[in-house]
Structure formats: C-alpha cells, structure tokens
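Written out below as structure tokens is the structure these notes cover.
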Number of protein chains: 2
Amino acid sequence: MATIEDVAKLAGLSRTTVSRVINNHPYVSEAKKQLVIEAMKQLGYVPNSSARSLRNQKTEMIAVIIPRVMNPFFGQLVESLEIAASEYHYQLIVCQTLYSAKKELDYLNLLKTKQVDGVILTTLLNDWKQIEPFLDYGPIVLCNEYDQKANIPMVHIDQEYGGYVATTHLIDQGHMRIAYCCGNIKSNVTKAREKGFRKAHSEHGLQIDPKLVFQNVFTFEDGKKVLQKLAALDNRPTAIFTGSDEVAAGVISEAKKLGIDVPTQLAVVGYDNQAITELLDPMITTVHQPVKEMAHKAMNVMMNQIKYKNYKTKEVYQLPLSLIIRNSTCLKSPERLN
Amino acid sequence: MATIEDVAKLAGLSRTTVSRVINNHPYVSEAKKQLVIEAMKQLGYVPNSSARSLRNQKTEMIAVIIPRVMNPFFGQLVESLEIAASEYHYQLIVCQTLYSAKKELDYLNLLKTKQVDGVILTTLLNDWKQIEPFLDYGPIVLCNEYDQKANIPMVHIDQEYGGYVATTHLIDQGHMRIAYCCGNIKSNVTKAREKGFRKAHSEHGLQIDPKLVFQNVFTFEDGKKVLQKLAALDNRPTAIFTGSDEVAAGVISEAKKLGIDVPTQLAVVGYDNQAITELLDPMITTVHQPVKEMAHKAMNVMMNQIKYKNYKTKEVYQLPLSLIIRNSTCLKSPERLN
DNA sequence: GTGAAAGCGCTAACAG
DNA sequence: CTGTTAGCGCTTTCAC
C-alpha cells in the first residue's frame with residue numbers, strides 16, 4: 001500500500017508538501033499541487049486513517065448505544081443518526097446493549113480507548129454515577145434519554161406532554177377510566193410520560209385506579225396479556241394509553257378476539273407513530289416523536305462537543321411532539337393536535 | 001491521558017515489558033507483571049486503539065453496507081451482525097446507501113483508508129467490475145446478495161427454493177393464475193426467486209401470464225397499487241406471491257377495502273417472516289429466512305478472511321429457508337414446510 | 001526475563 | 001512557498 005512517503009518520492013517533493021495538498025492547505029504552488037495529485041493518482045494513494053487518527057487525536061467515529069436495532073423506535077433513531085453522521089463525514093458504530101447494563105459500560109470503553117470521538121447514549125441502564133467518570137475521556141451526549149443529574153448535553157422529547165396530550169384527548173372523548181401501560185419504570189422517559197398522564201387526570205378532577213396501571217409492558221404479546229387482565233375486571237376501563245404501538249397492536253388484536261370493539265368499547269392510544277399504526281384496522285391513534293430532528297440535533301451537539309471539548313456542561317434541548325388521531329380512539333376526524 | 005510510557009515509568013520498567021503484560025505475552029516474571037498491573041490500575045491506563053491499529057495494521061472494525069436500517073430485513077441483519085461481531089470483539093459500522101450506487105462506492109473506501117478490516121455487502125448496487133478493485137485493500141464478503149462473477153466468499157439464502165416452495169404451496173391449493181411481485185429486478189436475489197416461481201409453474205405445466213407480473217414493488221403502498229391493478233383485470237388471479245411482507249400487507253389491506261376476501265378470493269404469500277405477518281388478520285403465509293444464521297456465518301467467514309488474507313477466493317455458502325403457512329393462503333393447518 | 005531502539009503513516013512546528 | 005524534524009502511542013525485533 002502506498003504511503004505519503006511514496007507519493008512524495010514520486011512527485012520529487014517532501015512529505016510535508018504532500019500532506020499540505022491532502023489537507024487543502026494554502027501556500028502550495030499550483031504546479032507542485034498538480035505534481036502531487038498526479039503522483040497520488042498514479043499510486044492509487046489514500047491516506048491511512050489509523051495514522052491520521054493517532055496523529056490528530058480523532059477518529060471521526062461516533063458510537064451510538066441502543067438496546068437493539070429491531071426495536072422500531074431505536075432502529076429509526078440509528079437510521080437518522082447515521083444519515084446525520086455521514087453529513088459530517090463521520091462514521092457511526094452501532095452498539096447494542098440487549099438491555100444489559102454491563103454491555104452499556106463495555107461500550108463506553110470505546111471512549112477510553114479512543115476508538116470513537118464521542119458516544120451517544122439513547123437509554124440509561126446504569127446510574128449516572130457509573131457513567132460520569134467516562135467524561136474524562138470524551139464527550140457523551142444523551143439522545144432521547146434524559147437525566148436530571150447528568151452534567152452533559154441532552155436532546156430529548158417532551159414526554160410529559162406526550163402523556164398529557166394523549167390522555168387529554170381520551171378524556172375529551174368522555175373517557176373517565178383509562179388504563180395505563182408503560183415500559184421500563186426506571187427510565188426517565190417513562191416517568192415523564194406517566195407524569196403527563198397524571199397531570200391530565202388531575203386537571204380534570206379524575207382519579208387513577210391503580211388496578212389499571214401496568215408496568216414493564218413492551219411487546220405485542222405483553223399487550224395481549226394486558227387486555228386479558230382488563231377483560232377479566234369487574235369494572236373495565238373504556239380507554240387505554242399504551243407505551244408503544246406494538247403494545248397497542250397487541251391490545252387491539254386481543255380485544256378483537258374477545259369481541260371487544262375498538263374504539264367504541266375500548267379506545268386505544270399507541271406511541272411512536274410506527275408504520276404499523278396505519279396498517280391495522282382500526283388505524284391507531286398515536287404520538288409522533290420527531291426522531292429525525294432529534295437525531296440531527298444530537299449529532300450537531302456532538303460535533304460541538306468534539307470541537308470545543310466542554311464535555312461537562314449541561315445543555316438541555318427539548319423537542320415537541322404531536323398526537324396523531326386515528327380510528328382507534330374515535331371513528332372519524334383525522335386531525336392533528338400539537 | 002496516560003500512555004504506556006507513563007505506566008512503564010511508574011512501574012519502574014520498560015515500555016516493552018508493559019506491552020508484554022497488556023498482550024499476555026509469556027516470559028514476564030509474575031512479580032513485574034503485578035507491578036505493571038498495579039501501575040495501570042493506578043493511572044487508569046487503557047491502550048490507545050489508534051496507535052495499536054497503526055502498529056498492528058488492523059482496526060477490529062467491520063463495515064456493513066445496507067440500503068437502510070428501517071427496512072425490516074436489513075435491520076434484522078444489522079442486529080444479528082452486530083451481535084456476531086461483538087462475539088469476536090469487533091465493532092460494526094453501519095453504512096446506509098439509501099439505494100445510491102455512489103454511496104456504496106464511497107463506503108467501500110473505508111477499506112482503502114484502512115478504517116475497517118473488512119466490508120460486508122448485503123446488496124449490490126454497482127456492477128461487480130466496480131467493486132472488484134477494492135479487493136486489493138481488504139476482504140469483502142457478500143451476505144444475502146449473490147453474484148456469479150464475484151471471486152469472494154458469499155453467504156446467502158436459497159432464494160430460488162423460496163420462490164419455488166411458496167409457489168408450489170399455492171399451486172397445491174389449486175391456484176392456477178398466480179400474480180407475482182418482485183423488488184429490484186437487477187438483484188440476483190430477485191432473479192433467483194423468480195426462477196423458483198417459474199420452475200414451480202413449469203413443473204405443473206402451468207403458464208405465467210405476463211400481465212400478472214409486477215416489478216419494483218417494495219412498500220405497503222406499492223402493494224396497494226398492485227391490488228388495484230389486479231382488481232381492474234377481467235381475468236383476475238386467485239393468488240399472489242409478493243416479494244415482502246410489507247407488500248403482502250398492502251395487498252391484503254387494499255383487498256379488504258375492495259371487498260375481496262383473503263384467502264378465499266385471493267391467496268397472498270409474503271416474504272421475510274417479519275413481525276407484521278402475525279399481527280394482521282388474516283395472518284400472512286410467508287417465507288422465513290435464517291437471518292441470524294446467515295449473519296453468524298458471514299461474520300465467521302469474514303474473520304477467516306482477515307486471518308488468512310485470501311481475499312480473492314470464491315466460497316459459496318447457501319442456507320435453507322422454510323415456508324410458514326398461515327391464514328392468508330389457507331384457512332386452517334398451521335404447518336411448516338421445509 | 002528484560003530493555004533499547006526502530007518504525008507503523010501522518011501532521012505540524014520551525015526554519016529557511 | 002517548501003523541507004527538516006520531531007513526535008502521536010504502540011509493538012517487535014534484536015541484543016543482553
């Protein structure tokens with residue numbers, strides 16, 4: 001493989017001049033520049049990126065830590081992050097924790113070993129205390145996840161409003177007994193959503209029945225099970241807020257099987273606005289999260305972190321979301337509430 | 001950041017000895033080994049991976065080139081490839097072409113610049129002639145895609161059998177007019193599938209009506225459009241083979257809208273066995289592809305390529321697939337054909 | 001067993 | 001405008 005030295009020799013110049021041409025430095029005469037370009041072409045020369053990384057102390061790689069790619073929300077996030085990264089000529093490394101806190105820490109080591117210039121965390125499996133020491137080695141940006149204690153940039157979505165707007169929509173439709181499903185109760189994303197759910201209730205003077213609250217509900221199957229439990233209740237709810245479209249799909253599927261009509265007997269709200277919401281009958285009312293915008297903002301913030309190296313400054317960016325009303329909560333009116 | 005030099009000084013030893021400890025070399029006395037370990041711990045030392053990459057001429061990174069993460073098939077492939085890579089202590093870089101042949105070439109440059117030890121190609125947007133020169137810089141493995149002309153390892157699935165088994169299933173159900181949708185006609189994956197479709201027909205002495213063949217059908221929306229065209233036909237088909245579950249879902253959705261019953265008036269076969277096949281009513285008969293196995297095999301082959309550096313040897317691994325029969329093609333009998 | 005020294009390929013003072 | 005030189009942090013001969 002040709003090196004910069006080879007190019008220099010062939011062009012009859014020094015390594016420095018070649019380097020200058022590669023890096024578009026000024027003060028290289030046009031004549032020599034052409035000489036260098038010619039020599040590079042002739043040798044098929046491409047700079048070695050390990051050498052550059054070592055010398056420049058940067059790798060132009062970002063790691064993104066997610067639970068798993070097949071989770072539609074995180075898949076979409078990775079897709080958008082990769083597109084954003086490539087706009088900055090950065091490469092994206094995918095790191096799947098598979099919900100293991102230890103793997104999260106393992107992947108953070110990429111920062112210590114300088115394999116990446118920064119890490120984007122999309123969930124937080126460990127306590128902030130465990131994460132913080134890694135900041136000595138490079139920037140960490142929270143994207144989607146939020147932590148009050150963290151002294152770093154975070155780009156996230158207003159989940160409290162998400163819970164609030166969806167619940168308010170149900171209450172406006174006349175529902176007074178609303179079931180609630182959420183995912184990982186330890187996540188601040190989940191907590192904020194629940195806060196919004198509670199706020200909507202208290203604003204309307206409504207109580208929440210603890211029997212209607214379910215935790216750690218993630219999948220289609222989980223959704224089915226929740227519906228079975230609800231169906232067995234004496235005093236059934238007339239609506240349900242689910243933490244994800246998959247769960248909503250499970251609820252609807254099982255409701256159909258048991259002859260419970262959606263939305264007339266049970267209104268269902270999903271979350272994430274995944275493709276599936278438009279494929280089912282009825283189509284699912286859901287909360288749209290601005291994933292692309294979040295990804296771009298997070299990458300933008302990351303680039304600034306890399307540039308200005310102020311890794312331990314808290315910066316909070318909160319993005320709005322919107323409710324998309326479809327037939328799983330009401331028979332007509334496809335409006336969009338902001 | 002502590003370097004190997006710092007560790008050596010603190011331990012009162014040479015860089016060499018420290019390096020030996022890091023790399024688990026024999027011939028280091030236990031006493032000094034402990035000294036080094038102690039010093040490393042005290043300094044929070046971690047070896048710099050750019051320096052190692054430069055010295056060792058390997059990065060322990062693999063790039064995988066896919067169209068996009070949100071395509072469920074490729075999302076699943078990335079998920080499995082990342083898991084496989086991490087078992088070898090390799091990192092995975094995601095590269096999305098967004099169906100641009102130029103981006104495919106751009107990402108192959110990661111090989112030239114030595115940013116990765118190898119590239120896994122899952123589709124082929126360029127001619128093999130365009131790709132081949134990159135083999136001078138490192139290994140390329142084809143995973144999912146297949147090309148007769150390529151002189152490299154390829155791990156793929158027996159798509160011809162996929163087309164064959166699905167079509168035979170339809171014929172066995174008594175269908176004689178079967179519509180056919182496929183994706184990118186230039187892909188060998190697509191071609192093989194069609195070959196199987198044709199083979200099943202000729203084995204049963206059946207003709208294929210060109211009016212029933214559709215190309216470049218990828219999405220849910222595309223599926224809807226295909227059904228609309230079929231519905232407008234004088235002589236409608238009684239079954240349809242689609243290239244993906246999404247398309248099948250679109251066909252079924254539109255059929256419902258037009259009052260065409262699935263499966264009695266139109267039997268529908270999907271492809272990929274994505275989650276959605278079990279969420280819809282009717283559940284979709286589909287072809288299951290062994291994605292995890294393919295990913296593991298591809299990564300395994302890649303590791304051998306890196307080790308033995310015989311980049312230009314053709315090796316073909318073909319994996320079997322199976323038909324999963326659900327209600328979109330027949331009302332009962334949930335069997336599984338191999 | 002251990003260390004000195006060369007060098008992986010590149011960039012950036014610094015000097016001219 | 002151009003070249004000389006000194007490393008970036010690590011591993012590996014080659015001596016001892």
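Computed from a predicted model, the values in this text were never measured in an experiment. So that the names make sense, note that chain A is the first sequence line, chain B the second, and so on, each numbered from 1.
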To the nearest 10 degrees, what angle separates the axes at the start and end of the helix from C/dG1-D/dC16 to C/dG16-D/dC1, five pairs each?
40°

Say you draw a straight line from CG of B/N144 to CE of B/M154; how long is it, rounded to the nearest 0.5 Å?
13.0 Å

Hey, what do you get for OG (A/S80) to CE (B/M70), rounding to the nearest 0.5 Å?
8.5 Å

Rounded to the Å, how far apart are A/L35 CG and D/dG3 P?
10 Å

Walk me through it: do B/Q130 and B/E104 pass the test side chain to side chain contact (heavy atoms under 4.5 Å, CB included)?
CA-CA 10 Å; B/Q130 305 288 311; B/E104 183 172 278; over 6 Å; no

Report yes or no: do A/Y90 and A/D117 form a side-chain donor-acceptor pair below 3.5 Å?
yes

Side-chain donor-acceptor contact under 3.5 Å, B/Q34 with B/E38:
no

Using a 4.0 Å heavy-atom cut-off, write out nucleotides 8-16 of chain D from 5' to 3' as B (base contacted by protein), S (sugar-phosphate only) or - (no contact).
BBBBB----

Distance, rounded to the nearest Å, where A/K9 contributes NZ and C/dC10 contributes P
13 Å

Output yes when at least one side-chain N/O atom of A/T17 is less than 4.0 Å from OP1 or OP2 of D/dG3, else no.
yes

Please confirm whether the shortest side-chain N or O distance from A/K32 to OP1 or OP2 of D/dC1 is below 4.0 Å.
no

Answer yes or no: is there a donor N or O on one side and an acceptor on the other, between the side chain of B/D158 and the main chain of B/Q318, under 3.5 Å?
no

Nearest whole Å is fine: how far is C/dG9 C1' from B/K58 NZ?
19 Å

Are the side chain of A/N304 and the backbone of A/V301 linked by a donor-acceptor contact shorter than 3.5 Å?
no

Is there a donor-acceptor contact under 3.5 Å linking the side chains of B/S19 and B/T16?
no

